[in-house]
Peer 1: 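Take a look at the following structure, please.
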Amino acid sequence: MSNSQILDLFVLQYLFILLCLPRLGFCAETDTITRNLVLKDPDTISSRGNVFKLGFFSPDNTTKNRYVGVFYSVSESTVIWVANRDKPIPGSSGSITISQDGNIVLTDGESEIIWSSNVTTSSVNASAHLLSTGNLVLRDDSTGRTLWESFLHPSDTFLPNLRLIDNINTGNKVVLSS
């Protein structure tokens with residue numbers, strides 16, 4: 001292969017990446033959200049093993065309302081958990097990050113908080129991790145302690161490692177709901 005053919009192939013690959021990649025959305029090669037990583041619609045993060053993704057979706061692509069959820073990587077329509085099921089984001093202006101007080105927060109284009117993990121004990125070193133089980137977990141990185149997890153707020157999908165256990169200390173009851 002001549003140098004000019006190699007250069008032509010390089011230019012074609014570059015053009016393909018430049019023109020097509022922005023339309024596909026961004027999938028971070030991470031399973032973690034930190035204060036320094038803001039996930040914006042249509043970006044996603046993937047669990048280890050790439051079985052699950054956390055990101056933005058519209059049910060059956062029938063509406064402009066957007067939701068944030070955990071879904072199978074092979075099928076965005078198989079959603080296993082939804083953060084903002086009661087309050088969709090109109091349009092594609094949403095973003096997810098870790099707030100100053102250590103909560104996972106979902107905001108719209110006007111920076112209004114649409115949903116929050118609502119943890120009362122603040123942590124300056126918190127990060128959210130999408131585990132290979134599909135569980136979205138908020139951890140205090142200083143202590144390793146779990147502050148919040150999506151498996152304690154399930155929707156209508158039962159997964160193998162999902163525990164339906166009531167907390168007798170706090171009175172919280174875990175139920176499946178759609």
Side-chain angles (χ1 to χ4, degrees), residues 17 21-58 66-89 91-163 165 167 172 174:
I17 290 170
L21 209 52
R23 300 182 198 298
L24 298 176
F26 171 75
C27 179
E29 291 295 325
T30 183
D31 60 356
T32 305
I33 298 175
T34 63
R35 280 201 186 120
N36 298 327
L37 176 66
V38 177
L39 206 61
K40 294 185 178 190
D41 193 357
D43 299 345
T44 61
I45 62 169
S46 295
S47 65
R48 289 191 182 164
N50 201 30
V51 175
F52 297 101
K53 287 187 179 181
L54 170 72
F56 297 84
F57 69 95
S58 294
R66 302 288 282 169
Y67 297 86
V68 169
V70 176
F71 44 87
Y72 282 99
S73 293
V74 295
S75 174
E76 187 177 298
S77 64
T78 308
V79 179
I80 64 164
W81 177 79
V82 180
N84 59 321
R85 78 179 78 168
D86 296 327
K87 193 173 181 184
I89 300 170
S92 59
S93 63
S95 63
I96 310 166
T97 193
I98 303 297
S99 66
Q100 290 296 98
D101 66 355
N103 275 290
I104 306 169
V105 292
L106 167 63
T107 57
D108 64 10
E110 281 78 47
S111 298
E112 176 190 348
I113 295 177
I114 301 297
W115 175 88
S116 170
S117 55
N118 206 23
V119 173
T120 55
T121 55
S122 65
S123 172
V124 293
N125 293 317
S127 60
H129 305 268
L130 182 58
L131 304 181
S132 60
T133 59
N135 193 8
L136 179 63
V137 175
L138 179 64
R139 287 195 186 127
D140 183 332
D141 292 335
S142 300
T143 65
R145 191 177 69 141
T146 298
L147 304 171
W148 178 91
E149 59 182 300
S150 63
F151 274 13
L152 292 179
H153 309 275
S155 57
D156 63 350
T157 304
F158 189 82
L159 295 171
N161 293 318
L162 179 70
R163 302 175 315 272
I165 299 173
N167 187 332
N172 288 341
V174 178

Peer 1: Using 0.5 Å steps for rounding, measure from the OG atom of S123 to the CH2 atom of W148.
Peer 2: 15.0 Å
Peer 1: Report the distance from atom CG of L54 to atom OG1 of T44, rounding to the nearest 0.5 Å.
Peer 2: 8.0 Å
Peer 1: Taking W115 for its side chain and A83 for its backbone only, find out whether a donor-acceptor pair lies under 3.5 Å.
Peer 2: yes
Peer 1: Taking atom types as modelled, is there a side-chain donor on D101 or S99 under 3.5 Å from an acceptor on the other?
Peer 2: yes
Peer 1: Once rounded to the nearest 0.5 Å, what's the spacing between atom CD1 of I114 and atom CG of N84?
Peer 2: 7.5 Å
Peer 1: Can you tell me if S46 uses its side chain to pair, donor with acceptor, with the backbone of N50 under 3.5 Å?
Peer 2: no
Peer 1: Compare all side-chain heavy atoms of F151 with those of T133 and state whether any distance is below 4.5 angstrom.
Peer 2: yes
Peer 1: So which atom in V68 and which in F57 form the shortest heavy-atom distance, rounded to 0.1 Å?
Peer 2: C-CE2, 3.9 Å
Peer 1: With rounding to the nearest 0.5 Å, note down the distance linking CG in N103 to OG1 in T97.
Peer 2: 11.5 Å
Peer 1: Between F56 and K40, which heavy-atom pair has the shortest distance, and what is it?
Peer 2: CE1-C, 3.7 Å
Peer 1: Please give me the minimum heavy-atom distance between S132 and S47, naming the atom from each residue.
Peer 2: CA-CB, 3.9 Å
Peer 1: For a side chain to side chain contact (heavy atoms under 4.5 Å, CB included) check, start with the C-alpha distance between I96 and D43, then their side-chain angles and the critical distance, and finish with the verdict.
Peer 2: CA-CA 10 Å; I96 310 166; D43 299 345; over 6 Å; no
Peer 1: Strictly distance-based, threshold 3.5 Å: is any side-chain N or O of R35 a donor or acceptor partner for the main-chain N or O of V124?
Peer 2: yes
Peer 1: Can you measure from CZ (R48) to CG (L130) and round to the nearest 0.5 angstrom?
Peer 2: 11.0 Å
Peer 1: Rounded to the nearest 0.5 Å, what separates atom CD in E110 from atom OG in S93?
Peer 2: 6.5 Å
Peer 1: Is it the case that the side chain of S117 and the backbone of I104 share a donor-acceptor pair, with hydrogens and angles ignored and the cut-off at 3.5 Å?
Peer 2: yes
Peer 1: Hey, is the main chain of S142 close enough, under 3.5 Å, to the side chain of D140 for a donor-acceptor pair?
Peer 2: yes
Peer 1: Taking atom types as modelled, is there a side-chain donor on S127 or T34 under 3.5 Å from an acceptor on the other?
Peer 2: no
Peer 1: Shortest non-hydrogen contact from T32 to T30?
Peer 2: N-OG1, 3.1 Å
Peer 1: Please check: side-chain N/O of S92 versus main-chain N/O of D41, any donor-acceptor pairing under 3.5 Å?
Peer 2: no
Peer 1: Check for a donor-acceptor pair, side chain of D31 on one end and backbone N or O of H129 on the other, with a separation under 3.5 Å.
Peer 2: no
Peer 1: Is it true that the side chains of S150 and N135 contain a donor and an acceptor less than 3.5 Å apart?
Peer 2: yes
Peer 1: Given side chain to side chain contact (heavy atoms under 4.5 Å, CB included), test T121 with L147 step by step and report yes or no.
Peer 2: CA-CA 8 Å; T121 55; L147 304 171; 4.2 Å; yes
Peer 1: Of all the heavy-atom pairs spanning R139 and G144, show the shortest one and how long it is.
Peer 2: CD-O, 4.2 Å
Peer 1: Would you please classify the geometry between the Y72 ring and the F52 ring as parallel, tilted or perpendicular, with 30° and 60° separating the classes?
Peer 2: tilted
Peer 1: Looking at every non-hydrogen atom in both residues, tell me the closest pair between K53 and S73 and how far apart they are.
Peer 2: CG-OG, 3.4 Å
